[in-house]
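Structure first, commentary second.
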Amino acid sequence: AALVLWVGGVCLGTCALAQTKPAAAAASVLASTNLAPVRFLVVAAQESILSASVAGRIAKVPVGLGDSVRAGQVVASFDCAEMQARRGAARAEHEAARVQYEAKQKLQGLQSAAEVEVELAAANVNKAQSQVHIFDAQVAQCAIVAPFAGKVARVHVKVGQGVNPGAPVVELVGSGPLKARMNVPSQWLAWLKAGDKLDGKVDETGGTVALRVTRIAARVDAVSQTVEIETELASTTGQVLPGMSGQVRAPSAL
């Protein structure tokens, strides 16, 4: 065996073997990293948990699990009889304030009312109108509408159930194209770019998917030495739903 002696960073003796082994080991580690499968998660392009904006009791839930909904469709509504009654009272007060203001204007024309009285009457009209707007906004919150077209992923409430503000009501997933997100080794950045395709396999169905890279994060995680990427599903075999997962490999490992 050749004698290898290192003194002050200088090799004394036969050092070719000692110099090649670390490089070979590093290359082996890098190759194994690139060959290792990477997990991905399928997500919807749009998804949202619709929550209650006001406290109340659920009056209607016209949708069920898996139903398709269109943008703007009501997916749940509250019993807002009391709120609507308050809005009616506010509208009546606004009408009374308006009539009083018009009467003050006529009296001012006959020099029977001071200018300050007319200004106060006008202020009362504006105040009453603001109250009407407030109740209009509150009544509008009694109906929960779908912000985009999609399907119902989960219904959290039942008719007659009381809920507090912020409580989840219905979960929706968009009907648009699906995406897949994953954290890949930072070494992939040497060749990976937007537009590249990755072949993957879905765990739940065993079907294959072709993933086209659309976005690459601007920072590498210093701890895991990975970078997050986002892809779109260019083609699939079998059904693919949000929440499914699978794995991909670097093209050189396929």
Side-chain angles (χ1 to χ4, degrees), residues 19-51 65-66 68-72 75 145-154 156 166 168-254:
Q19 291 173 337
T20 57
K21 281 187 175 181
S28 176
V29 172
L30 180 60
S32 63
T33 301
N34 285 330
L35 294 175
V38 173
R39 304 288 307 173
F40 68 83
L41 177 67
V42 179
V43 297
Q46 290 180 301
E47 55 184 306
S48 179
I49 301 177
L50 306 182
S51 59
L65 191 66
S68 297
V69 298
R70 63 184 183 277
V75 296
V145 299
F148 49 80
K151 289 188 175 183
V152 178
R154 186 176 181 183
H156 292 268
V169 178
V170 174
E171 292 186 29
L172 293 180
V173 293
S175 56
L178 297 176
K179 300 180 179 181
R181 292 182 181 143
M182 67 198 81
N183 292 321
V184 303
S186 57
Q187 291 87 354
W188 286 23
L189 293 176
W191 52 267
L192 187 68
K193 62 183 183 299
D196 286 347
K197 284 188 177 181
L198 301 172
D199 294 328
K201 185 176 182 181
V202 179
D203 291 344
E204 288 81 358
T205 64
T208 59
V209 292
L211 307 175
R212 182 182 294 109
V213 179
T214 56
R215 297 178 183 274
I216 301 176
R219 182 175 62 184
V220 173
D221 184 85
V223 177
S224 64
Q225 287 297 292
T226 60
V227 61
E228 184 178 3
I229 67 171
E230 184 176 274
T231 66
E232 63 181 9
L233 275 65
S235 63
T236 64
T237 59
Q239 187 179 30
V240 180
L241 297 175
M244 288 185 174
S245 60
Q247 60 183 14
V248 299
R249 295 179 184 269
S252 59
L254 298 176

Give the minimum heavy-atom separation between [X] and [Y], together with the two atoms involved.
| X | Y | result |
| --- | --- | --- |
| Leu172 | Pro147 | CD1-CD, 4.0 Å |
| Ala194 | Ile216 | N-CD1, 4.1 Å |
| Leu65 | Ala153 | CD1-O, 3.0 Å |
| Met182 | Val248 | SD-CG2, 3.7 Å |
| Pro37 | Gln247 | CB-OE1, 3.6 Å |
| Lys193 | Asp196 | N-OD2, 2.9 Å |

> Would Thr214 and Lys179 count as a side-chain contact (heavy atoms from CB on, under 4.5 Å) if you check the C-alpha gap in whole Å, the side-chain angles of each, and the deciding distance to 0.1 Å?
Replying inline: CA-CA 9 Å; Thr214 56; Lys179 300 180 179 181; 5.9 Å; no
Do the non-hydrogen side-chain atoms of [X] and [Y] ever get within less than 4.5 Å of each other?
| X | Y | result |
| --- | --- | --- |
| Leu233 | Pro177 | no |
| Leu50 | Val75 | yes |
| Glu228 | Asn183 | yes |
| Val202 | Thr236 | no |

> Under the side-chain contact (heavy atoms from CB on, under 4.5 Å) criterion, do Val240 and Val209 qualify, and how do the steps go?
Replying inline: CA-CA 9 Å; Val240 180; Val209 292; 4.2 Å; yes
> Between CZ of Arg181 and OG1 of Thr231, what distance do you get to the nearest 0.5 Å?
Replying inline: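 One gets 10.0 Å once the value is rounded to the nearest 0.5 Å.
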> Going from CD on Gln239 to CD on Glu204, what distance comes out if it is rounded to the nearest 0.5 angstrom?
Replying inline: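 If I round to the nearest 0.5 Å, the distance is 11.0 Å.
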>> For Leu241 and Val173: C-alpha separation, side-chain torsions, deciding distance, then whether side-chain contact (heavy atoms from CB on, under 4.5 Å) applies.
In response: CA-CA 10 Å; Leu241 297 175; Val173 293; over 6 Å; no
Identify each donor-acceptor pair in which a side-chain atom of residues 38-48 lies under 3.5 Å from a protein atom, sequence neighbours left out, and give them as a table.
| unit_1 | atom_1 | unit_2 | atom_2 | d |
| --- | --- | --- | --- | --- |
| Arg39 | NH1 | Asp203 | OD2 | 2.9 |
| Arg39 | NH2 | Asp203 | OD2 | 2.4 |
| Arg39 | NH2 | Ser245 | OG | 3.3 |

>> Please determine whether side-chain contact (heavy atoms from CB on, under 4.5 Å) holds for the pair Leu198 and Ile229, giving the CA-CA distance in whole Å, both sets of side-chain angles, and the decisive distance to 0.1 Å.
In response: CA-CA 12 Å; Leu198 301 172; Ile229 67 171; 4.2 Å; yes
> Between Thr237 (side chain) and Thr208 (backbone), is there a donor-acceptor pair under 3.5 Å?
Replying inline: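 Between the backbone of Thr208 and the side chain of Thr237 there is a qualifying donor-acceptor contact (under 3.5 Å).
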